[in-house]
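Following: one structure in structure tokens, then a few remarks.
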Amino acid sequence: MKDETSVLVNIIAFLILFVIGIYIYSVAIDTGAGIKITDNITPTMRVADKYLNKNVLDDNSTYQWGGTAEDTAANIVTSVVVDYRLFDTTLEVIVLFITILGFGFVIPKDKRKIIKPTTILNRWAPILMLLMLMIGGYTFINGHLSPGGGFPAGAIISTAILTGVLTGRRTISQKSLKIIEAITGISIFSIGIISYFLTGSFFQNFILNDKIGDLFSGGLIPIFYGLIAFKVAAELSNIYFEFYEE
Amino acid sequence: MNSIVFLVVIPIIAAFLSLFLGKVNKLIAYIVTIFNLSFSIVVLVSGKIPFNVAIGGWRAPYGINFVVSDITIFFLLLINVAAVLSLTTIKEHMEYQFYAFYFILLAATNGMVLTGDIFNFYLFTELTTFAIGGLVAYKRDRLATGASLKYLILSSTASTFSLAAIGLIYKTLGTLNFADIASKISNLNKASLSLILILFISSMLVELKIFPFNIWVVKAYDASIPAVNLFLHGMVSTAGVYGAIRILLMVFSKNSIMLSQSSNIANILILLAFITVIISEIGALTEKNLIKVLAFSSMAQLGIFLFGISLGNYEALKGAFYIVISNYFAKFVMFIVAKNYSVIAGSRNYEDMKGLGRKYPGLAIAFTISALSLMGMPFFAGFWGKLSIVGNALLMDKIAIIGVIIILISSVIEGVYYLRISHTFFSDGNIQDTKLSRINCVLPIILAAVILIIGIYPNSIENIIWTMINEIQNTPEKYIQVILPLK
Amino acid sequence: MVEILLVPLITAFISDIFIKNKRLVWFLFLISNGYILYKLYSLYGKWDLTYILNTDYQIFGAKLSLGLSNNPLGWYFAFFSAVVTLVIAIFSIGFNTNSKGNVAPIWMLIIFANLGIFYAADWITFFMMWELMGWTSFFAITNGNTKALDGAKYYLALSLLGGSSMLIAILLLGAYTKTFIIITSAYRLIQLFNLAEGVFTTILLLFIMAFFIKSAIFPFYMWPSKVYAVGPEDYIAFMSSVMIKYGIYPMAIFIVPVIGNLQLPKIFNAGNWMQYFIGYLGALSAVVGTLLAMFQTDMKKLFAYSSVANMGYILLGFASMSIVGFEGSLFHVVNHIVLKAAIFLSLAAVVYRTGESEMHKLGGLVYKMPITFLTFLFGIIAAAGIPPLNGFGSKWMIIQALMEKKMVVLVISMVFASTGAFMYLFRALVSIFLGQLPERYKDVKEVPYTMSIPMIIMMGLMLLIGVVPGVVMKPLTIALDALGYKVDIATWTTLSSSFKNATIDLKIVFYMFAMGIVVAALMYLFGNKSETIPQHDNYTAGENPIEWGVDADKFNYSYSFYQPFKEMFDPLFERISIDRFFSSIGKNFEYISPTIQGLYKRGEGAVLLFSIGVLLFILGGWIL
Amino acid sequence: MTQVFILSSLSLMFIGLYGVLTRKNLLKIIIALNIIETGINLLLVSFGYIDHGITPILTSQESILNLNKMVDPVPQAIVLTSIVIGLGTTAFALALAIRYKITHNSISINASEEEEGRGI
């Protein structure tokens, strides 16, 4: 690579980083009035307080384990991601969708050789795939109770397909992947539209009266997570298939 | 008016559908875009402005909300009109990915204008970036690949900066909502605020094409197909301008004095604005590739716009709005003319377009009118902008006066290269017999007529602009009232 | 009153639509021009007519209103320029019969802007018209001709620069005086002098720069020669006669009253420094213009510099700040409009027939094109300021005014320039029309009627104004009287002066010259006839220079006519070349341009520059 | 503890930025971008961290009583999104880099873009 070690550029880069570093330090030690970036601000002083107490709609409401609340996901991060800030998450799905689309669009379609996998991998692949699918399924079904959720689940599911790709098995056609992608994507937004017609507001939860801590709780969260999981799985699998083309 | 979310949702659903529709995509694109346009018109005439929409039923600072105010609806209309007009220039068959990217771009630009949440805004910006990255790379040749990749790298770096800024805002103020930030920003430490502003503004200036954040611009314009040029100009730039107005003037402002908390930053913005203007005008001076000339000039216009909004004076701000409107129409005309002429001439070099102005005078006259408007000549829309900005900058301190001189010198340079191009169109030249449908001439002429109408009769948009400026004048209080009515 | 502007605008629009139908377009053109002239005539004396257009556009906290008013001085300029413009335009019909394009729409726009400038009541309207004139001129000059681009570009850049400086001046004026009305702002500007002298001087200098650029006064004297050399001849006739006066009109209506009413200390009991500033620039343009005119070989360039010199005279009259000088200058405006139009029309006729504008390649056209010759002869006699024609009276008044104010250096420069004028004017006459006819122009004919009639009209005008100066002086003095100046209304044939017993009656002068002409004609008819010899005989001794590989035209006696003078002044002009200064600015921009393009073309340092931008913010926050 | 997080995330960001600024190899640049993303993610999480905080997941009635000891869930939600964006950017950029290699015959960002006689 020519000019990889250009001294001048290195010096300039160091200077820039140095100045930025000094600047951040000077801001950190600033003693002016007002809220500083180094102040110790707890979540109770932020909007997160309402998410933790689940009292966005009603300032004075409290909730009990096993009782109902405005949002019944036990995992509060999930409740933020898929309920309070659901719209962000749907956009995130779109980001993934469009980048993978772009990926498929610009990647050169040239021929690649497939190396035959070893017997061990070949034999164990179906079992692995089954395991991965199970883990993936568990992850998104329990997304509202424990760490996990649609995105990791999707990634895990897609590794099942990756295993298939590695062993040379055409587990699913690219066309059906595309269809899954579109159907799940449209479903996510269709639910939004349905909730608009049911409750008058987009993406508003319309499955009420479920209990915190139950497997089937969290309103729409498991449905969204399921859709997201399949969508992400389909999209990531698309990447593998781009390389799989003989 | 909760249904305003359809403006974002419908294009996204169309994007999913576009994977299967093949040739029908074009029709769907028209339907969706016209839906968006007519929906925004319905919102405009419904008389309910301003209003706030909580998505998911969560009230404002906690959930994500869409806000529709006078400025929003104005920019919404600009973006959707731009989308419709750009679509009309697509004649050939496009691959389905093109339409998918387009739908996402439409959704993202609409969303950028509508959203009332800073992280949501960031996501829409990212979506725009990826959509543009894909659209610029559409030809997948040498130039397009390089341009797209470099744009992607630059904007990814920039996006990390704005993400850090959002993180800092959340850490200090504990909120992500525009109105909530605006109401709390005065509690913030001055040094911390300038750190946040620096991080956020520098990533925003990438979209605003301000030097030295704009190295991607010329390459991206040159590498992309004509329709994408129009998307970049009409939708992305306009959304970027909206972002600048919303965030610089309405979120990070206190007591409705623009950028008062850190006037240093306003001064540097003025400095950058006129560096941008002079650099891009000089760059365009000897450029032969018409598209690149237009790209350079687009940068210059946004520089003048930034100059106008950084002065901290409402009349200068009004001038900036005029500049945006004039540039919006003028560049549309110019890109369409450039497209048609380059198809006939078989090259983008304007010197190969000799004599086309005699054969197709409508296009060349429209081009000339737009050029004169960009130069700020009287009787064209750009003049009123220049008058306001220059006049009010003269009342400011020294740095603004230097800016005035530079802007005027740059308008001289602009005059030289634009009128040289116009002259080339009108000069004698031998052109083969080509058939250009007269339909292609209609749109530029109509848009040029709009420029003329605004230029001759500024009353036509003066009041609209003042309504928007009143909104800015009354922010953040009025804006907060709409979104956080409980307080 | 507003219809006087609407008619040309509508005509321009309609003729743009029917641009293919030449007959219709020119018919429309003549009709609307005739109407404008009639309308202007009927506006004479109605000085209180105004037209205000209120807009909602807000600037400096007040709603902007645009206005037109029938300013007496504006009427004076508008009427005479409209007469001459009409004549030139008729000439243009004949001149352009063979060209592909149609110039009528752009002419109508020019006439619109022309009237708009003289009728503007406020600075914004004035500026709008001014800029309109700037870019329409660009298109009129290039007219699709690629060769004309360089000159036109130069003109455009200067014109836009002037426009920009005027815009700053207008806005400063508006900001400090709270008004854009021309007359009111003049009064308020004088008051501003005592409050903020710096702003006052800035405003005035910026205005003066804009006006000087348009009128080609000294530091900006070089654009006419560049533009006239390449522009279409009919349009440069308009430029050199009418358009170059656009800078003079606002000088007369705004700058002169402001400077004249200032309480500044006088230098040598003669005038204040601003007066001298204007006067010396005027003197410099007169002298420099004259000298440069002498050395030109291209006839269009020669008369371009002659225009510069004449603008200098007008400025000298202003510098005197006396009523006679003022009158003289304004009188000279009309004289110069008429005589320059005549000269350029005849030159256009020559170019139309021969396609040549280098003087040493022409000669002996007197018998082939007698009407053209006569027009040219009248024109140069007038330009030289010889009595029976119109240039004399105004120069006489200006010199008198300067003498009265004891501005000796200025008088000397004016006399020098007037004498120099003889040298280049008669040289042009000799080179183009007298001498021997080159072989290639044997079949040259007189121009068609559409072109010769306008020339005859111009001759008549020159003689009329020369003998009966009252046709100009009467409206002028009435206009000045209406503006509040203390003037005596002029009589038909006499010119008054500031000195006692110095009134002259041009009628008597005319009789004397008529006698002289009769005597000369008798001598011509009954004297010995001249003998014609082959062209090259007298300077190549019968040899054919082409056989030596040399261009025969270079041996023509009119090539490098004033070589000794040129050698004398060359070192001076080589050292001080303002032209080079201005072009070098443009060159420098063009030199940087590829560097910037390269930066954007490669696009590799994008992130680096991004970080530098961030750095700028950080450092700026520390420094500022 | 928070300081350690912040310092390490800042150093990650600086390393990444340094890489983007100085490297010419596209792959290295993309990797450097990833490093920046990681740094940002860590930074965001540390913004929401409180000393001795617990995860914001309800497991029983007691955890509801300890709500004010929980770390902030919002930065975590933001980080989730940001990770996906990072993934998308990387995927897209890598695909473009592969095509870049074919069209430019080099993976240096310096590769010349000159292309004579381009059509419309």
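A, B, ... follow the sequence lines: proteins, then strands. Residue 1 opens every chain.
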Using heavy-atom distances under 4.5 Å, tell me whether [X] contacts chain B through its side chain, its backbone, both, or neither.
X	result
A:D83	both
A:K178	both
A:F87	both
A:I188	neither

Between CG of B:L193 and CD1 of A:I37, what distance do you get to the nearest 0.5 Å?
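B:L193 CG to A:I37 CD1: 11.5 Å, rounded to 0.5 Å.
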Spacing of B:T175 atom OG1 and A:M45 atom CE [to the nearest 0.5 Å]
13.5 Å
Determine the interplanar angle of the A:F189 and B:F16 rings, folded into 0 to 90°, and report it as parallel if under 30°, tilted if 30 to 60°, perpendicular if over 60°.
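The rings of A:F189 and B:F16 sit tilted, inter-plane angle from 30° to 60°.
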Side-chain contact, heavy-atom cut-off 4.5 Å: [X] with [Y]?
X	Y	answer
A:Y84	B:I64	no
B:L173	A:I35	yes
B:F119	A:D88	yes
B:I12	A:T90	no
A:F202	B:F6	yes

Heavy-atom neighbours of B:Y151 OH exceed 12 at 6.0 Å
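Count over threshold, so yes.
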Chain A contact via [X] - which portion, at a heavy-atom distance below 4.5 Å:
X	result
B:S148	neither
B:F103	neither
B:L168	side chain
B:V8	side chain
B:F20	side chain
B:F121	neither
B:D117	side chain

Among [options], single out the residue with the greatest number of heavy-atom pairs under 4.5 Å to chain A.
options	result
B:G57, B:A131, B:A15, B:A54	B:G57
B:I104, B:T129, B:V53	B:I104
B:I196, B:I13, B:I55, B:L135	B:I55

Identify the heavy atoms of [X] and [Y] that sit nearest to each other, and give their distance.
X	Y	answer
A:R85	B:N120	NH2-N, 4.4 Å
A:S201	B:G56	OG-N, 3.5 Å
B:K171	A:R46	O-NH2, 3.2 Å

Would B:Y138 and A:F105 count as a ring-ring contact (aromatic ring centres under 6.0 Å, His included) here? Give the steps.
CA-CA 8 Å; B:Y138 182 75; A:F105 182 60; 5.7 Å; yes
Donor-acceptor contact present, side-chain B:Y62 to main-chain A:N55, <3.5 Å:
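No.
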Judged by atom type as modelled, is there a donor-acceptor pair below 3.5 Å linking the side chain of B:R140 to the main-chain atoms of A:P108?
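Flag not set: sc B:R140 to bb A:P108 has no pair under 3.5 Å.
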Could you list which of residues 106-116 of chain B have a heavy atom closer than 4.5 Å to any heavy atom of chain A, in residue-number order?
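Near chain A, by residue number: none.
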Could you walk me through whether A:L91 and B:L127 pass the side chain to side chain contact (heavy atoms under 4.5 Å, CB included) test, one step at a time?
CA-CA 8 Å; A:L91 288 182; B:L127 271 181; 3.9 Å; yes
Heavy-atom pairs under 4.5 Å with chain B - which of [options] has more of them than the others?
options	value
A:L86, A:L220, A:L57	A:L57
A:D49, A:V80, A:I179	A:I179
A:V56, A:I24, A:I41	A:V56

Any pair counted as side chain to side chain donor-acceptor pair (under 3.5 Å), so long as it reaches residues 14-37 of chain A, sequence neighbours left out
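Found A:D30-B:N189.
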Can you list every pair that meets side chain to side chain donor-acceptor pair (under 3.5 Å) and has a residue in residues 221-235 of chain A, with sequence neighbours left out?
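Pairs touching residues 221-235 of chain A that pass the test: A:K231-A:E235.
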Members of residues 92-104 of chain A whose heavy atoms come closer than 4.5 Å to chain B:
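Under the 4.5 Å heavy-atom cut-off, A:I94, A:V95, A:F97, A:I98, A:T99, A:L101, A:G102 qualify.
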